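So the structure is just underneath, and the comments pick up after that.
Each ligand, and each atom within it, is numbered from 1 in the order the structure gives. Just so it is clear, the model here is predicted, and its values are computed rather than measured. Numbering starts at 1 and runs along the sequence shown.
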Amino acid sequence: GHNNLNAKLVLLGDMGAGKSSLLLLFVKGHFLEFQESTIGAAFFSHTLAVNDATVKFEIWDTAGQERYHILAPMYYRGAAAAIIVYDITSADSFALAKKWVQELQKQGNPNMVMALAGNKADLEDRRSVPAEEARIYAEDNGLFFMETSAKTALNVNEIFYEIAKRLPRA
Ligand code: GDP
Ligand code: MG
């Protein structure tokens with residue numbers, strides 16, 4: 001019906017930040033301590049019911065390595081939404097997340113719903129990116145921000161629901 005929406009979503013961020021783990025938890029409901037690295041990119045689809053609508057996410061999980069960067073536009077072009085993932089224990093991964101945000105602001109769909117995910121929130125004792133710093137960055141750049149954990153499931157469904165709610169309705 002008219003309340004059913006298909007939405008292309010792309011996951012971007014440093015290798016090892018937890019993109020595949022967040023997606024695996026969202027789509028299949030489990031976490032792997034030794035998640036295999038993504039080669040190139042992987043595709044998943046998953047449907048959510050939000051209020052009176054269903055949103056079918058068509059999700060591209062990208063690899064994150066620099067050598068695959070050239071392929072990234074294939075995945076974010078035309079995407080309705082992006083989740084940019086960093087690891088709260090890695091300042092480098094946060095710096096890289098900001099670069100992805102800049103690239104999407106320049107090259108992506110101007111109406112794209114963008115979420116910033118500070119993942120591995122379970123590793124508080126190894127934190128190197130203050131939540132407040134990321135929150136302010138996100139606010140200044142028009143993204144919404146959540147800290148997540150694919151290990152404890154913190155905010156994993158929530159971030160996808162929040163995106164679904166923000167997608168423009170036809
Ligand atoms: P990707 O390269 O961004 O897809 O990252 P992966 O999903 O492959 O995860 C990299 C490693 O971090 C794997 O060993 C995961 O088990 C681990 N990992 C992912 N998310 C979390 C998390 O939220 N907490 C913890 N403690 N480990 C995580
Ligand atoms: Mg991966």
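Of the charged side-chain nitrogens involved, none lies within less than 4.0 Å of a carboxylate oxygen, so that E147 and R135 do not count as a salt-bridged pair. The pair K120-D87 meets the salt-bridge criterion, since a charged nitrogen lies less than 4.0 angstrom from a carboxylate oxygen.
Evaluation of the ring-ring contact (aromatic ring centres under 6.0 Å, His included) rule for F44 yields no partner, not counting sequence neighbours. For the side-chain hydrogen bond (donor to acceptor under 3.5 Å, both in side chains) test, residues two or more places apart in sequence or in another chain that qualify with T152 are S149.
Residues S21 and F31 are in side-chain contact: their nearest non-hydrogen atoms beyond the backbone lie under 4.5 Å apart.
Here the side chain of S128 pairs a donor or acceptor atom with the backbone of T89 at under 3.5 angstrom.
Inspection of the environment of the Mg ion (ligand 2) yields the following protein N, O or S atoms under 2.8 Å: S20 OG, T38 OG1.
Around ligand 1, the residues contributing at least one heavy atom under 4.0 Å from the ligand are D14, M15, G16, A17, G18, K19, S20, S21, F31, L32, E33, Q35, N119, K120, D122, L123, S149, A150, K151.
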Trace of the side-chain hydrogen bond (donor to acceptor under 3.5 Å, both in side chains) decision for S20 with T38: CA-CA 7 Å; S20 299; T38 310; 2.7 Å; yes
Go through K165 and E158 one step at a time and tell me if the salt bridge (charged side-chain N to carboxylate O under 4.0 Å, His left out) criterion holds. CA-CA 10 Å; K165 280 196 273 176; E158 286 79 355; over 6 Å; no
If you apply the rule side-chain hydrogen bond (donor to acceptor under 3.5 Å, both in side chains), what do you find for E58 with N6, and how did you get there? CA-CA 7 Å; E58 294 160 345; N6 283 22; 3.1 Å; yes
